[in-house]
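Bear in mind the structure is a predicted one, so any value in this text is a computation, not a measurement. Indexing begins at 1, ligand by ligand and atom by atom, following the structure's order.
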Amino acid sequence: MSHVKPTYVRYTEGLEVKQANEDATIDAIVESMLRVNTKVFDKHRHATRDAHAKSHGVLKGHIDVYDKLPEPLRQGVFASPATYPVVLRLSTAPGDLHSDRIAAPRGMAIKLLGVQGTQLLPGREAARTQDLLLVNHPVIAFGHAAAYLKTQKLLEQHADDPEAVRRILAAVAHGGSKALHLLGIENPVIDTLGAPNNHILGETFYSMAAIRYGDYVAKVCAAPLSDNVRALTGQPLRDDAGDSELRDLVVDFFRTQGAEYELRVQLCTDIEKMPIEDASIRWDENDSPYLPVAKLTLPAQEAFSPARRVFADDVLSFNPWQGVAAHQPLGSIMRARIRAYETSSRFRHEMNAQPRIEIDDLAQVPD
Ligand code: HEM
């Protein structure tokens, strides 16, 4: 039986198509975010991230790019076998601090240090970092800028109501097309009510939207690899979970053991079936599976010392545009993120009077 070699879509600038009124849509998203951000600041007198405000552990480790990858996977920072130090922040999606008893999508932000290549962000040309921002669901239900603006307006409208925020974010992460019903938040869709509240370390985390992958186009994920984290997949939090249950689970875990995850890449094989301008459409793994490119190793460590938490929450920034041109984020949802992350981080750093730095050495992250 002969194997038909898959054809991978080649990256060209022409793959991206700007939406009608996209600039005005993005203005409206960013303005709404800043209003919510300011409201949350006024409540706490401390600025948090506009999304993923609550951290649950900050880890140092490294990524080893696999040797002998097939050509289509040997791209960008994965072009040749290399070891990159990483700092990683685990979070939940709301832009405020809610109890961990309220289920919320989980985030894993990874910063690779010492990467080669032209950097995307103006003013950060000297940086040598590649950020990967991942959430534990393969798609984002509001997958383009105009749809996202509707979500953002709902979040603003319900900023004082953690339960409504939970439903909105659960719908964004898990709702798919049904999530559109959520635009009448008074009658939220039932399937978001049962969103699982599982152990954060057993989750698989996805870029949700596409990035340039050197000569090609891809989505990226990080999946549990070592047995100890694979055993946590689908494990619900205990019934009497505390407000900071996720932090406690992460800290307890890493006090005695390390963990491994695998970075995998799903290459686009058909731009119609696997679009980049609508990140709500799942790229079918039967058409193109996630293929391993690197191993992420996180040794046993103290995951949430006071100094480390303050550094990660107030000084560090993760940004999908912090990285090399070979991994440029793609699609209107990604273009919206250019100004969203800049605005959120500027506000946070200015209000907390912290320097906006890009690290180049893991020693800068306190133990
Ligand atoms: C497309 C899929 C997306 C993923 C996978 C994602 C993931 C993440 C993650 C993991 C974080 C936490 C980073 C950290 O630990 O510092 C984060 C923060 C944030 N996200 Fe997203 N996000 C997505 C889409 C968006 C969109 C569409 C917007 C807005 C247009 C947005 C706005 C933000 C903002 C403002 C922050 C806080 C930035 C800061 O203050 O430093 N995200 N996101």
Side-chain angles (χ1 to χ4, degrees), residues 22 25-37 40-41 46-59 86-96 104-111 121 129 131-153 155-156 169 172-173 200 203-211 219-222 276-281 309 311-322 329-352 354 356-358:
E22 186 173 301
T25 303
I26 293 174
D27 283 347
I29 292 173
V30 172
E31 284 159 17
S32 166
M33 281 188 155
L34 196 53
R35 285 192 295 271
V36 177
N37 222 190
V40 175
F41 171 81
H46 187 86
T48 53
R49 283 165 173 77
D50 183 84
H52 294 264
K54 193 173 184 184
S55 54
H56 306 291
V58 181
L59 297 154
V86 300
V87 55
L88 182 152
R89 178 176 177 270
L90 295 165
S91 60
T92 31
D96 199 347
R106 283 97 165 87
M108 175 187 274
I110 311 173
K111 190 180 288 295
L121 285 180
T129 45
D131 290 0
L132 297 173
L133 281 76
L134 311 171
V135 166
N136 64 334
H137 199 64
V139 290
I140 176 164
F142 298 92
H144 56 83
Y148 193 84
L149 175 57
K150 293 183 181 167
T151 324
Q152 177 55 37
K153 283 185 176 161
L155 287 172
E156 179 171 4
L169 291 174
V172 169
I200 192 166
E203 295 296 285
T204 296
F205 296 86
Y206 301 85
S207 64
M208 296 170 145
I211 60 167
K219 294 191 179 186
V220 179
C221 80
I276 59 175
E277 288 294 343
D278 187 350
S280 73
I281 295 175
R309 181 192 67 75
F311 186 80
D313 283 352
D314 294 352
V315 181
L316 267 189
S317 296
F318 295 86
N319 179 334
W321 287 84
Q322 180 67 56
L330 300 174
S332 71
I333 201 79
M334 292 296 216
R335 294 190 292 276
R337 295 169 82 187
I338 301 178
R339 285 186 45 220
Y341 286 70
E342 167 65 22
T343 308
S344 170
S345 148
R346 185 172 293 283
F347 179 80
R348 174 163 62 92
H349 286 84
E350 280 179 10
M351 298 311 277
N352 296 338
Q354 293 288 347
R356 290 186 79 202
I357 54 161
E358 192 55 21

Side chain proximity check, L155 to V36, heavy atoms < 4.5 angstrom | no
So for M33 against ligand 1, with non-hydrogen atoms under 4.0 Å, the contacting part is side chain
Interatomic distance, CZ@R106 vs OG1@T204, rounded to 0.5 Å, equals 13.0 Å
Test L90 against L59 for side chain to side chain contact (heavy atoms under 4.5 Å, CB included), laying out the working first.
-> CA-CA 8 Å; L90 295 165; L59 297 154; 4.1 Å; yes
Considering the heavy atoms of S345, write down every atom of ligand 1 situated less than 4.0 Å from one of them.
-> 40 (O), 41 (O)
At what distance is the nearest protein heavy atom to atom 39 (C) of ligand 1, and which residue and atom is it?
-> S344 OG, 3.3 Å
Spell out, as yes or no, whether a donor-acceptor pair under 3.5 Å connects the side chain of K111 to the backbone of R89.
-> no
Specify side chain, backbone, both or neither for L134, according to which of its non-hydrogen atoms lie closer than 4.0 Å to ligand 1.
-> backbone
Closest protein heavy atom to atom 16 (O) of ligand 1, given as residue, atom name and distance to 0.1 Å = R49 NE, 2.6 Å
Minimal non-hydrogen separation, M208 against K219, with atom names | O-NZ, 2.9 Å
Lys/Arg-Asp/Glu bridge criterion (N-O < 4.0 Å) met for E31, R339 = no
Which of these, I333, T343, V87, has its nearest heavy atom closest to atom 27 (C) of ligand 1?
-> I333
Considering only heavy atoms, which of Y148, F205, F318 lies nearest to atom 30 (C) of ligand 1?
-> Y148
Shortest protein contact, atom 15 (O) of ligand 1 (heavy atom only) = R89 NH1, 2.6 Å
Hey, which atoms in ligand 1 end up nearer than 4.0 Å to a heavy atom of A109?
-> 13 (C), 14 (C), 15 (O)
When distances are taken from atom 2 (C) of ligand 1, the protein heavy atom at minimum range is M208 SD, 3.5 Å
Over all atoms of both residues, closest heavy-atom pair of I333 and A279 | CG2-CB, 4.1 Å
Which one holds for S207 and ligand 1: side chain close, backbone close, both close, or neither close, with close meaning a heavy atom under 4.0 Å?
-> backbone
Of all the heavy-atom pairs spanning A53 and T48, show the shortest one and how long it is.
-> CB-CB, 3.7 Å
Roughly how far apart are S91 OG and I200 CD1, rounded to 0.5 Å?
-> 6.5 Å
How about S332 and E22: does a side-chain donor come under 3.5 Å of a side-chain acceptor?
-> no
At a non-hydrogen distance cut-off of under 4.0 Å, which region of R348 contacts ligand 1 (side chain, backbone, both, or neither)?
-> side chain
Listed as residue and atom, the protein N/O/S atoms under 2.8 Å from atom 21 (Fe) of ligand 1 are Y341 OH
Any donor and acceptor pair, going by atom type alone, linking the side chain of H349 with main-chain N or O of D314 inside 3.5 Å?
-> yes
Pick out which of R356, R348, R337 makes a salt bridge (charged side-chain N to carboxylate O under 4.0 Å, His left out) with E342.
-> R356
